Amino acid sequence: MEVSSEPMKILHLADTHIGYSAYNKLDENGINQREVDVYNAFNQIVDFAIEKKVDLVLHSGDLFDTVRPSNRAISFVVGQLLRLSNAGIPTVIISGNHETPRLRETGTVFKVFEHIDGLHLAYTGKCQTFEFNEIKVHALPHCADKERFETELDAMKPDKKFKFNIAMLHSAVSGLAVFRMNEFNELIAQDSQLNRGWDYVALGHYHEPCEVGSNIVYAGSTEKYGFGHVNQPNGFVMLDTEKGKWKFHDMKIRPMLDLRTIDCNDMKADDIASAIQSNVNKANIEGAIVRQKLQDIDRRELGLLDMTFIHKITKDALHFELRPAAKEAGQKVASQDAAFDSLEREFITYLAKIVIEGADPKEIEALGLRYLAGGET
Ligand SMILES: [Mn+2]
């Protein structure tokens with residue numbers, strides 16, 4: 001058999017978090033609008049892959065938002081993977097920390113996809129390799145066990161028999177800079193573990209697209225799942241194996257706006273409402289997800305804020321939230337906003353999403369929060 005030496009166009013994406021939903025707005029079919037937005041982002045990328053006739057799709061983990069996605073989320077993904085399969089586009093997917101069960105007995109949603117033609121899955125906590133002509137993909141999924149992850153990662157190396165070697169993993173990266181999500185079960189790779197002569201490292205986990213080292217790339221997330229990376233672009237990466245060059249493609253998604261923080265010191269409720277109105281008027285909030293931070297607001301004035309008025313001036317937004325950081329009598333308190341993406345909050349959110357076998361979630365939560373407060377790990 002003659003092996004083709006055609007250069008390949010590879011699409012790298014990650015962190016699609018299918019099944020994520022938020023806020024109260026429903027679409028015309030009664031489905032949570034943010035859940036639909038997250039589906040739409042994935043759908044857009046599959047459209048692009050088919051239209052541009054890409055040769056290979058790599059998904060670097062957190063395909064799903066949870067270990068047990070809904071039937072709707074699963075059937076949506078089956079549909080999209082079949083579209084790629086029917087178009088003759090091979091796809092490699094590794095599991096991420098959001099969808100990997102802690103215990104094997106829980107079973108994995110990835111099993112559902114095993115019979116799709118051209119789909120290659122790595123989800124059993126060990127590195128698997130897949131070959132596409134002169135390209136070899138070394139795919140390391142999330143591991144429930146950190147030591148296992150280290151062992152697998154350390155054993156990975158480019159195969160010189162292939163022209164182009166790609167490593168895929170779903171983890172934080174630590175080195176001169178640190179790229180992490182502060183998630184309870186995240187794994188961390190040292191950048192030295194990634195600098196081993198790979199032609200490309202397709203990373204998932206960190207939701208902001210960025211290059212950690214030469215051709216070591218986070219594709220970023222395809223949507224925004226909170227205000228954590230509010231000002232960062234969302235999309236995917238296109239990689240050209242001939243030139244070894246990659247390019248980030250920005251996608252059009254629903255706007256998320258963090259309005260300018262209002263310093264509420266010495267302000268009365270009416271003045272604060274006017275300041276909010278002024279911020280809202282300056283922004284285009286139609287259909288957007290909007291947050292307004294109120295710094296050092298007096299608790300009394302917060303209680304007097306005319307919420308009917310604020311609701312009226314923000315009704316065109318998909319979602320509008322106020323984030324007040326109250327001022328205690330005579331003393332400044334740390335902004336509640338700082339806690340927004342805190343480890344504690346992340347931990348509680350995470351617990352709510354997972355199923356813990358044989359344990360009381362409330363006890364786990366209390367225990368975890370105690371550890372976090374004590375700085376123990
Ligand atoms: Mn993620």
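One-based numbering, in listed order, for ligands and for the atoms of each. Quick caveat: nothing in here was measured; it's all calculated off a predicted structure. All residue numbers refer to positions in the sequence shown, counting from 1.
Enclosure of atom CG in Asn24 is not indicated, since only 12 or fewer non-hydrogen atoms of other residues, nucleotides or ligands lie within 6.0 angstrom. For Glu114, the CD atom is densely surrounded, since the number of other residues' heavy atoms within 6.0 Å is greater than 12.
With 3.5 Å as the limit, one finds no donor-acceptor pair spanning the side chains of Tyr218 and His207. One side chain, His12 or Ser60, offers a donor N or O that lies under 3.5 Å from an acceptor on the other.
If you chain together ILVMFWY residues whose side-chain heavy atoms come under 4.5 Å of each other, Val36 ends up grouped with Ile31.
Protein N, O or S atom count below 2.8 Å of the Mn ion (ligand 1): the structure gives 4.
Salt-bridge check for Lys327 with Asp298: failed, with every basic side-chain N at 4.0 Å or more from each acidic carboxylate O.
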